[in-house]
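Working notes for the structure below.
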Amino acid sequence: MKHKLTELLQHAVNTLKSTGVIDSSLQPQIIIERSRDDKHGDYASNLALALAKSAKMPPRQLAEQLVAALPSDSAVIKVELAGPGFINFFIDALAQHQVIPRILTEQAHYGLSQVGAGQRVQVEFVSANPTGPLHVGHGRGAAYGSALANLLAAAGYTVHREYYVNDAGRQMDILATSVWLRYLAALGEVFTFPSNGYKGDYVVDIANELLAQAGRDFYQSIATVMADIPADEPDGGDKEEHIDALIAKAKNLLGQGYEYVFAAGLTSILADIKDDLHEFGVDYEEWFSERSLMDDGAVAEALSRLRSAGHLYDKDGAVWFASSSLGDEKDRVVLRENGQYTYFASDIAYHMNKLDRGFDHLINIWGADHHGYIPRVKAALKALGADETKLTVLLVQFATLYRGEEKVQMSTRSGEFVTLRQLRDEVGKDAARFYYVMRRSEQHMDFDLALATSKTNENPVFYVQYAYARVCSVLRQLAEKGWTRDAALGLEHLARLTETHELQLIQTLARYPEVIERAAAQFEPHQVIQYLRELATEFHTYYNAHQFLVDDDALRNARLNLIAAVQQVLGNGLALLSVSTPEVM
RNA sequence: GCGCUUGUAGCUCAACCGGAUAGAGCACCAGCCUUCUAAGCUGGGGGUCGCAGGUUCGAGUCCUGCCAAGCGCGCCA
């Protein structure tokens, strides 16, 4: 309908151009909006207001000319001028009713759009270091990222969901060393665990598993291990130096075995993350390993490309990327004095790899604490000769976790955190996802666990699911009363749907495809939730105001078609969010 | 100090790339179950859109300056 009205207005504009009322060089953008107030009809355009200045004509007068030049259309029953120069369109009710057969025919396809057809977009999200289980801080990125990916797919894009596994670097060495030390403890060695090691119970579990599989193969006496290791922080030393020395010692003593211990930690945690996300309704097309970039020379290749393009220089024994000339605050080290690549170096290679795979658009979903990282990655893309506008970085603010009044502190290292798994156990997948996606991702948000657990009945997700379940219930009641739904009869009598609630509901149903397109274009899945809550509200109101299972066959079936359409759209929307649709509540 | 993000009802949040009277939920008050599920519905109170300027027919939305909160400013990831 929006498109049709746009065409009609475009036609009017062309007419005014040809009659010389307005300058023929003007190319106004025609915007059609849903009217917020019924008194303003169904759709409105501010075209006359926007065009008034360049057309050198008062807005109202221009609006009159436009309306006069507007071609007639059977669906448009009235066009009004209002306010300072708005053009309001009133749409024929019966034309609007046609959305019902459309929904019933298209079913799960209703609302899908083709705006992204033929375009491949990669969405990278979560990408948490595999050094421990996911915690609630990752939950928001997971829920948002997967909802966004689904939304883009609904808008016609070919979506590639990807998790970048940071399986290289010092944090992973700390993990491997932590596992090894717990393994030695399991073998009876007694010592103080490093203050900078990973202290979570899961490390103990992995160590025990390692012991069960490999026996004493990796045993070393603690005296050997601790020989010449500088003191830890509690003993007056430096915790970083302490752990680094332990890592070096582990590599040295274990030799080939270090890889085995390392892999034991990595595979176990990665499997846990994979399972956790799957249970949370998040699945990926690809899990991309950072180490693979090191191993196949992609990092070296990326740096050599930067070098030959003149973006690298040597200073203080390290290799620097001159990112400050490309919009970054300062230059960045890519190859350290000690000969190791920085994380940034592999990230350059990773993004080069993404581009080489031919995606039309790259979307990175990062925690807001990484925002300072954006300019350097964009700089890298520019330096590689790529179009940096292909990359969109979307930031997800952290959810501050509360238990009642008390703020829950979290630290992966100390092992004190609420895991995503715990959250799922406490509040359930549906409620957690809904809650996370409900708010704009850039919005700071408070997540009160006490509230989410103790007052689950008040969670808005149930409100929407309940509307769905109610339709199911009505359809069950129908059968119990010995009736069957006659969709064809109902469609013949759609004109019987004349109640205010019904007209309102039909309008809202018709809006769904616009919501999808808009939410996808703006990367804002919360708009879908907003919409679903509105649709559910209108359904509940209707439910309370009118009886569906009436004796009048025509009216009953017309109403059943309407609520079946509501059910379909609720189901489509919830599916996008990976929230379940219970038939009974 | 510099940068990014945010600031809307008591609380948590919306507000269609600037539009007509800024909306929901929670909480609070008053009503609605011999009729399809009351996890629901109806009505009510509650707002200097952080503050001050500016841009224009029109600003919660754009610009500037302040104030406040979160985050960032490593040869960590």
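FYI, side chains are in, hydrogens and waters are out, and symmetry mates aren't considered; it's all heavy atoms of this structure. First the proteins, then the strands, lettered A, B, ... as listed; each starts at 1.
Here A:A318 lies in heavy-atom contact (under 4.0 Å) with a base. A:Y373 comes within 4.0 angstrom of a base, heavy atoms only. Using a 4.0 Å heavy-atom distance criterion, A:H501 is classed as making no nucleic acid contact. In this structure, A:V584 reaches the bases: a heavy-atom distance under 4.0 Å links it to at least one base atom across the strands shown. Residue contacts for A:S473: at a heavy-atom cut-off of 4.0 Å it reaches a base atom on one of the strands shown. The residue A:E442 sits close only to the backbone: its heavy atoms come under 4.0 Å of sugar-phosphate atoms, none of a base. Residue-level contact check: A:D173 touches neither bases nor backbone, having no heavy atom under 4.0 Å from any strand. As judged by a 4.0 angstrom heavy-atom cut-off over every strand, A:A467 is placed among residues making no nucleic acid contact.
Aromatic ring centres of A:Y512 and A:Y531 lie closer together than 6.0 Å.
The phosphate of B:rA15 has OP1 or OP2 within less than 4.0 Å of a side-chain N or O from A:H526. Listed pair A:R332 / B:rC76 fails the phosphate criterion, with no side-chain N or O lying under 4.0 Å from OP1 or OP2. Side-chain N/O atoms of A:R36 include none lying less than 4.0 angstrom from OP1 or OP2 on B:rU21. Distances shown here put every side-chain N or O of A:R470 at or beyond 4.0 Å from the OP1 or OP2 atom of B:rA39. Phosphate proximity of B:rA14 to A:Q443: present, with a side-chain N or O under 4.0 Å from OP1 or OP2.
A stacked arrangement is not assigned to A:H540 and the six-membered base ring of B:rA39, the conditions of a centre distance below 5.5 Å and an interplanar angle below 30° not being jointly met. Aromatic stacking is not marked for A:H371 over B:rG72, as the cut-offs of 5.5 Å for the centres and 30° for the planes do not both hold. Judged by centroid separation below 5.5 Å and plane tilt below 30°, A:Y463 does not stack onto the base of B:rA39.
In this structure, CZ of A:F539 is placed 20 Å from P of B:rA24, rounded to the nearest angstrom. One atom, CG of A:D37, and another, P of B:rA20, lie 10 Å apart when rounded to the nearest Å. Between A:L49 atom CG and B:rG19 atom P there is a gap of 12 Å when expressed in whole angstrom units. A straight line from CD1 of A:I374 to P of B:rU5 spans 9 Å, rounded to a whole angstrom. With rounding to whole Å, A:I243 atom CD1 is found 14 Å from B:rC76 atom C1'. Atom pair A:M585:CE and B:rA38:C1' shows a separation of 13 Å (rounding to whole Å applied). Distance CZ (A:R439) to C1' (B:rU6): 15 Å, rounded to an integer number of Å. Note: CG (A:N557) to P (B:rC36) measures 19 Å, nearest angstrom.
When each of B:rC75, B:rC36, B:rC76 is scored by its nearest atom to the side-chain atoms of A:Q171, the top-ranked nucleotide is B:rC76. Nearest nucleotide to the side chain of A:T541, out of B:rA39, B:rC75, B:rC41: B:rC41. Here the nucleotide nearest the side chain of A:Y435, chosen from B:rG3, B:rU12, B:rG19, is B:rU12. In this structure, of B:rA20, B:rU21, B:rC71, it is B:rA20 that holds the atom nearest to the side chain of A:F86. Side chain of A:R533, nearest nucleotide from B:rA24, B:rU5, B:rA77: B:rA24. Across B:rC36, B:rA77, B:rC41, the shortest atom-to-atom separation from the side chain of A:T342 is found for B:rA77. The side chain of A:K330 has B:rG74 as its nearest neighbour among B:rC75, B:rA77, B:rG74. Residue A:F548 places its side chain closer to B:rC36 than to any other of B:rC36, B:rC71, B:rC13. Comparing B:rA15, B:rA77, B:rC36 against the side chain of A:V474 picks out B:rC36 as the nearest. Side-chain atoms of A:E329 lie closest to B:rC73 of the nucleotides B:rA14, B:rC73, B:rC71.
Pairing partner, B:rU48: none, since no Watson-Crick or wobble contact has both distances short of 3.5 Å. Shown here, B:rC36 forms no base pair; nothing in the strands shown gives a Watson-Crick or G-U wobble contact with both key distances under 3.5 Å. The partner of B:rC62 is B:rG54, judged by Watson-Crick or G-U wobble contacts that both fall below 3.5 Å. Across all strands shown, B:rG72 forms a Watson-Crick or G-U wobble pair with B:rC2, both key distances being under 3.5 Å. When both pairing distances are held under 3.5 Å, B:rC11 makes a Watson-Crick or G-U pair with B:rG25. Across the strands present, B:rG31 finds its partner in B:rC41; the criterion is a Watson-Crick or G-U wobble pair with both atom distances under 3.5 angstrom. Pair assignment for B:rG18 gives none, since no Watson-Crick or G-U wobble pairing has each distance under 3.5 Å.
Across all their heavy atoms, A:A302 and A:I348 have their closest contact at CB-CG2, 4.2 Å. Nearest approach of A:H361 to A:T392, heavy atoms of both residues: NE2-OG1, 2.7 Å.
Taking atom C1' in both B:rA9 and B:rA52, one finds a spacing of 23 Å when rounded to whole Å. Only the P atoms considered, B:rA59 is 11 Å distant from B:rU21, to the nearest whole Å. To the nearest whole angstrom, the two P atoms, one in B:rG18 and one in B:rC63, are 11 Å apart. For the P atoms, the distance from B:rC16 to B:rC62 is 11 Å, rounded to whole Å. Rounded to whole Å, the separation between the C1' atoms of B:rA15 and B:rG23 comes to 7 Å. Comparing the C1' positions of B:rG46 and B:rC36 gives a spacing of 36 Å, expressed to the nearest Å. The gap from the C1' atom of B:rA14 to that of B:rU61 amounts to 13 Å, rounded to the nearest Å. Taking atom P in both B:rU64 and B:rC26, one finds a spacing of 39 Å when rounded to whole Å.
Under the 90° criterion around 0 for the glycosidic angle, B:rC17 counts as anti.
With hydrogens and angles left out, the side-chain atoms of A:S324 and A:D331 include a donor and acceptor closer than 3.5 Å. Between the side chains of A:E538 and A:T508, at least one donor N or O sits under 3.5 Å from an acceptor N or O. Counted by atom type alone, A:Q465 and A:D430 present one or more donor-acceptor pairs between their side chains at under 3.5 Å.
Using a 30° and 60° split on the angle between ring planes, A:F539 and A:Y542 fall in the perpendicular class, above 60°. Classification of the A:Y350-A:F288 ring pair by plane angle, with boundaries at 30° and 60°, yields tilted. Ring orientation note: the planes of A:Y373 and A:F344 are nearly perpendicular, at an angle over 60° on the 30°/60° scale.
Nearest-nucleotide assignment on RNA chain B puts the 5′-proximal partner with A:K2, out of A:K2 and A:N129. Along RNA chain B, the nucleotide nearest A:A82 and the nucleotide nearest A:D316 are compared for position; the residue whose nucleotide lies closer to the 5' end is A:A82.
Below the 3.5 angstrom threshold, one finds no donor paired with an acceptor across the side chain of A:N46 and the base of B:rA20.
Because its NZ or CZ atom is both nearer than 6.0 Å to the ring centre of A:F262 and within 45° of the ring axis, A:R291 counts as a cation-pi partner of that residue.
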